[in-house]
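Please read the structure below before turning to the comments.
Reminder, nothing fancy here: chain letters follow the sequence lines and each chain counts from 1.
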Number of protein chains: 2
Amino acid sequence: MTGIRRLAQHLDISIGTVSRALNGRPDVNEETRRKVLEAAAELGYVPNQSGRSLRQGTTNIIGFMMQTGTEITGQGDTFFMSVFDGVQTVFARHHLDLVALLCSSEEDPDDYLRRVVARGFADGLILSATQRHDPRFEFLAKRKIPFVTLGRSLTDVGQPWLDLDFEGMAQTSIDRLVAKGHRRIAVTRPHDDINLGHLFVDQSAKALAEHGLTLDPDLVFSSKPNEAGGYHVAQQLLAMRNRPTAILLVNETIAIGFYRGLSEAGLKPGRDIAIIGRQSPQSHFLSPSLTGFTLSRRDLGIALAEALLATMPAFSHFYPDAELRKVWPEDLVEGESDAFSLPA
Amino acid sequence: MTGIRRLAQHLDISIGTVSRALNGRPDVNEETRRKVLEAAAELGYVPNQSGRSLRQGTTNIIGFMMQTGTEITGQGDTFFMSVFDGVQTVFARHHLDLVALLCSSEEDPDDYLRRVVARGFADGLILSATQRHDPRFEFLAKRKIPFVTLGRSLTDVGQPWLDLDFEGMAQTSIDRLVAKGHRRIAVTRPHDDINLGHLFVDQSAKALAEHGLTLDPDLVFSSKPNEAGGYHVAQQLLAMRNRPTAILLVNETIAIGFYRGLSEAGLKPGRDIAIIGRQSPQSHFLSPSLTGFTLSRRDLGIALAEALLATMPAFSHFYPDAELRKVWPEDLVEGESDAFSLPA
DNA sequence: TCGGCCGCCGTAAACGTTTACGGAACTATG
DNA sequence: CATAGTTCCGTAAACGTTTACGGCGGCCGA
């Protein structure tokens, strides 16, 4: 005699009642519910998840899919860990188990997702590293699996998304640099088809146009989002005969490599070139200090979780007015790296 | 009609035979097995994991428990991501699904593990961030859940473990620095009761003793394993009136903060103080270059996975001679940071 | 020819839940 | 007092697998 049956026998009531009591169904006497809860605690009973899943067709698991390997996600810093932390706190309230699904950099993300879904692994998913055209969206939509994405995409199946404000960062940065007299401004972007690259570069071009300037294609540097990528960008930039006087670094990690590349050539951020990037725990230890954008990663995670729950029928009533699509605002922290300005 | 039943009906054979065919049981005609597999592929049948779990009492999931928050794991670099990648490749061969269980820094790891286990989440676990005395070991052993740890502990329940060679690193470093004439050598250790700290510090003291030196308690710095921790260590060190001439940094991430702290005071690694640390993708962008230890994180992950599988009855025959307990060797990469030497 | 063995397959029970359904006891209402 | 409604509970089916068991036919050896 095991599980719920044992508990029922111990209380000398039926398993049906026990189940109803535990699941908070209304049609059970509050007195018996109390007894059941008490006995459950005493005997250390916890419902078997397999039995539950089989019956309900639900797993109680939410998966957060990320890519391992700094090549894609730029996890040289702890960006995703912080976001995950925020997501976790929300799901814990609903007794949902959050797990990280780390797709190896050697495996195709689409294949990986297919495996996860085929297995019926999760009730809902959070996707990151969204591509400009992302097949995963349609795949999930077709199977009616609730999901939310960290990042926009041209593919749109109506799912909720949250995203960083790449356009805002581009606009603010360009305005700021142009005001300091810069005319040749470089921009970095991820090396692959990840969507944020397009958003960032396109908006940079647009902002420049507003000032009557154009974005020189030679000044758009593709780089892997890690330290090595930043170092490589510096080398390319230094090799040019008509160097830019300022640069926008799209992600958190490359600044470190970029600084290193500059200093090897005897150049100093903020004196010889203006830099605007993104803040991270690591970037605080750069010198001269980095001018860059920042946001609350944890709050972003919380919003992600709420957006997902809002689309899941069983939980949506908890979040009647969750923000389903939002560009997350960023603050600019002023440092020394963009102090360099040109005479008017 | 769904699942295996549908498949059986389509082939006009019994579900028992279908199941046996799919699971590679010997008592099924090879010809019918072929047909079953063919039909399964055609109809896109994949077995329902809940049904399977319920019947077999097994989940097909392996969990890799890590802590989020740089405070504990020092994930300012991608150490765990790389290890995870290695683990993943092994489990993929056995159709086991590996997920990352990220315990929030705000939650007690013991509680977290209890939840995971109570839920019957995984068939096996990989634990990291092992404490000097780690209650998780006994907890898992009592429930007979196969697990392996990345890191030793004084708690020993006979499980396999792999670990970095902290003693070797301490010994090599001390020998090397003493040979360069250093007498006052500082050491860092994590701020909490994580076991590696004890191993590292104790062995450092022992190695010093072999040279007739002692480890000054004032020269043992506890620090959070992140950039901020390293920065803080530098500040403490600089405030001393009798400064050490050399220092051992126990983990990958703190070097960056430590460098920053030094440079703010006008000191230069390798010129004013000798530093030996650990290599990481980030540390390559330090200047002067860091003398430090390195290892293949991916291979370590592979070994971890094999050790775990070797203790799981269903898989042990695949790995008859897996290394169950091993201190993983590290290579010393010589840089400029320990160039500083003292007259004899 | 017959008994035994072997290869292959079908039947049905079991895993631990949840929940639709119906019924018993009780209460309220006229 | 009869009826309707309400509250609570027990029964049993269902979720999709795996696997013990038994049976049927064919083959082999005596």
Can you pull every protein N or O that's under 3.5 Å from an N or O on nucleotides 22-24 of chain D?
none

Tell me whether the side-chain N/O atoms of B/Thr32 come closer than 4.0 Å to OP1 or OP2 in C/dC9. yes
Just to confirm, is there a sub-4.0 Å distance from OP1 or OP2 of D/dG10 to any side-chain nitrogen or oxygen of A/Ser14? yes
NZ/NE/NH1/NH2 to OD/OE distance under 4.0 Å, [X] and [Y]:
{"X": "B/Lys35", "Y": "B/Glu38", "value": "no"}
{"X": "B/Asp27", "Y": "B/Arg25", "value": "no"}
{"X": "A/Glu306", "Y": "A/Lys326", "value": "no"}

Any chance CZ of A/Arg6 has more than 12 other-residue heavy atoms, nucleotides or ligands included, within less than 6.0 Å?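 No - once you tally the heavy atoms of other residues, nucleotides and ligands closer than 6.0 Å, there are 12 at most.
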B/Phe64 versus B/Val87, closest heavy-atom pair with distance: CE1-CG2, 4.1 Å
Between A/Thr130 and A/Arg152, is there a donor-acceptor pair closer than 3.5 Å when you use the side chain of the first and the backbone of the second? yes
For B/Thr155 and B/Asp134, does a side-chain donor sit closer than 3.5 Å to a side-chain acceptor? no
Tell me whether the NZ or CZ atom of A/Arg114 lies within the 45° cone about the ring axis of A/Phe139 and under 6.0 Å from its centre.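 Output yes; distance and angle both within limits.
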Reading 5' to 3' through nucleotides 13-18 of chain C, protein heavy-atom contacts under 4.0 Å coded B for base, S for sugar-phosphate only, - for none: BBBBBB
Between C/dC6 atom P and B/Asn29 atom CG, what is the distance in whole Å?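 So the two atoms are 18 Å apart, to the nearest Å.
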Could you tell me how far apart A/Asp12 (CG) and D/dC9 (P) are, to the nearest whole angstrom? 13 Å
